[in-house]
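Encoded as structure tokens, the structure appears first; notes follow it.
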Protein chains: 2
Amino acid sequence: MTKIKQSGYVCSLDYAFQRVGGKYKGRIIWHLSEENVLRYGELRKILWDITPKMLTQTLRELESDGLIHRKVYLEVPPKVEYSLEEAGKELIPFINYLREWGETQMAKEGMI
Amino acid sequence: MTKIKQSGYVCSLDYAFQRVGGKYKGRIIWHLSEENVLRYGELRKILWDITPKMLTQTLRELESDGLIHRKVYLEVPPKVEYSLEEAGKELIPFINYLREWGETQMAKEGMI
DNA sequence: CAGCATCCTAGCTGATACTG
DNA sequence: CAGTATCAGCTAGGATGCTG
């Protein structure tokens, strides 16, 4: 089993960053907010730079933190859909704000 | 010299997270937004769990990313003050939003 | 299709001691 | 006071191959 980040929070900001920090969590939440529901394979295509291991691991963390919902269809071939839970939806404005801030900054630095 | 995080951004959200992610950046920005100006030693006291090395390293990254300003007084004993640049100030709403979200979540989980 | 299992490593983070 | 320098560990993240 993959090691799960240890708990122990210095403050609520620390707590929050441990939940949405990491390399892919923000982007996953963002794409889920845009599409509502995404399958594992779709996420994998959208986050083209992620490995299956990291995708699974990140999704599991988001799930156990109550930010996303994982719906398994008992079919063959398998089908799993991911969507935002309430706690995750509450992060959408924050994610968008950060995205816009990033765009502005990149524009200023002439990266766009 | 300490290694600096490699560049190469997938999108603006990725870019943004590389700038405010990490273990202490959010908290530093937050405290600077509350106090306006803080000296090195004051930050060290407030972020009681940080080592001098990490504090310096994190401050340097924030500085070279244009989020904070470093003002050196040529005195003995030395005095250095840190404050938010414009780009950093623009992150305050986001930081506060995230803090509040964290508090709500912690309350729900009975951690407060 | 949606994942596990295994092995591996870069670089983030830390402890401790020292300095202009 | 405000840092550096050194040494060291951990773990987030990656590569590759296999499976229900």
Side-chain angles (χ1 to χ4, degrees), chain A residues 1-10 14 17-28 31-32 37-65 68-83, chain B residues 1-10 14 17-28 31-32 37-65 68-83:
Chain A
M1 187 49 180
T2 317
K3 257 315 252 329
I4 295 298
K5 207 173 294 189
Q6 65 151 39
S7 310
Y9 311 109
V10 163
D14 190 38
F17 265 107
Q18 290 199 32
R19 256 148 196 76
V20 298
K23 202 168 175 181
Y24 305 102
K25 286 185 180 177
R27 284 163 68 200
I28 290 177
H31 289 296
L32 284 178
V37 176
L38 284 172
R39 297 182 59 175
Y40 182 90
E42 293 175 322
L43 280 166
R44 202 168 153 185
K45 257 170 257 165
I46 297 173
L47 289 87
W48 52 271
D49 56 331
I50 200 171
T51 58
K53 187 192 109 174
M54 284 312 296
L55 180 53
T56 301
Q57 184 179 315
T58 308
L59 288 169
R60 290 294 139 80
E61 283 186 34
L62 288 170
E63 189 194 359
S64 74
D65 285 342
I68 66 172
H69 179 68
R70 180 168 181 264
K71 182 170 185 181
V72 183
Y73 292 84
L74 293 177
E75 313 173 347
V76 179
K79 176 177 170 184
V80 181
E81 287 180 347
Y82 294 93
S83 55
Chain B
M1 186 50 182
T2 316
K3 260 312 254 327
I4 295 298
K5 204 174 296 190
Q6 63 152 43
S7 311
Y9 312 109
V10 164
D14 190 38
F17 266 107
Q18 290 199 33
R19 258 150 193 75
V20 296
K23 203 168 175 180
Y24 306 101
K25 286 186 179 177
R27 284 163 67 200
I28 290 177
H31 288 296
L32 285 178
V37 177
L38 284 172
R39 298 182 58 176
Y40 182 90
E42 292 174 321
L43 279 166
R44 201 168 155 185
K45 259 171 255 165
I46 297 175
L47 288 86
W48 51 271
D49 56 329
I50 200 171
T51 58
K53 187 192 105 174
M54 284 310 300
L55 181 53
T56 300
Q57 185 178 315
T58 308
L59 288 169
R60 292 291 140 83
E61 284 185 34
L62 289 170
E63 189 193 359
S64 74
D65 286 342
I68 67 173
H69 179 69
R70 179 169 182 265
K71 183 171 185 181
V72 182
Y73 292 84
L74 293 177
E75 312 173 348
V76 179
K79 175 176 169 183
V80 181
E81 287 180 345
Y82 293 93
S83 55

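Source: prediction; values computed, not measured. In the text below, chain A, chain B and the rest are named by the order of the sequence lines, each starting its count at 1.
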For [X] and [Y], which heavy atoms make the closest approach, and how far apart are they?
X: Arg39(A); Y: Pro78(A); value: NH2-O, 3.5 Å
X: Ser83(A); Y: Val37(A); value: CB-CG2, 4.2 Å
X: Leu43(A); Y: Tyr82(A); value: CD1-CD1, 4.0 Å

Value in whole Å for how far the [atom2] atom of [N] lies from [atom1] of [X]:
X: Leu59(B); N: dA2(D); atom1: CG; atom2: C1'; answer: 11 Å
X: Met54(B); N: dT6(D); atom1: CE; atom2: P; answer: 18 Å
X: Gln57(B); N: dT4(D); atom1: CD; atom2: P; answer: 11 Å
X: Leu43(A); N: dC1(C); atom1: CG; atom2: P; answer: 15 Å
X: Leu74(B); N: dA2(D); atom1: CG; atom2: P; answer: 13 Å
X: Leu47(B); N: dT13(C); atom1: CG; atom2: P; answer: 13 Å
X: Ile68(B); N: dA2(D); atom1: CD1; atom2: C1'; answer: 14 Å
X: Tyr73(A); N: dG3(C); atom1: OH; atom2: P; answer: 13 Å

Out of [options], which has the shortest distance to the side chain of [X]?
X: Thr51(B); options: dA15(C), dG3(C), dG20(D); answer: dA15(C)
X: Tyr40(A); options: dT4(D), dG3(C), dG14(D); answer: dG3(C)
X: Val80(A); options: dG14(C), dG3(C), dT6(C); answer: dG3(C)

Ignoring backbone atoms, test whether [X] places a side-chain nitrogen or oxygen under 4.0 Å from the OP1 or OP2 oxygen of [N].
X: Arg39(B); N: dG3(D); value: no
X: Tyr82(B); N: dG3(D); value: yes
X: Arg60(A); N: dC4(C); value: yes
X: Lys23(B); N: dG14(C); value: yes

task: Using only heavy-atom distances, decide whether a donor-acceptor pair under 3.5 angstrom links the side-chain of Lys53(B) to the base of dT13(C).
output: yes
query: Passes salt bridge (Lys or Arg N to Asp or Glu O under 4.0 Å), Arg44(A) versus Asp49(A)? Steps please.
result: CA-CA 8 Å; Arg44(A) 202 168 153 185; Asp49(A) 56 331; over 6 Å; no
- line: The residue, Lys79(A) or Pro52(B), whose nearest nucleotide of DNA chain C is more 5′ is Lys79(A)
message: What's Tyr24(A) touching, base or sugar-phosphate or nothing? Going by heavy atoms closer than 4.0 Å.
response: sugar-phosphate
field: Pairwise distance CG(Leu32(A)) to CD(Glu81(A)) - rounded to 0.5 angstrom
entry: 11.0 Å
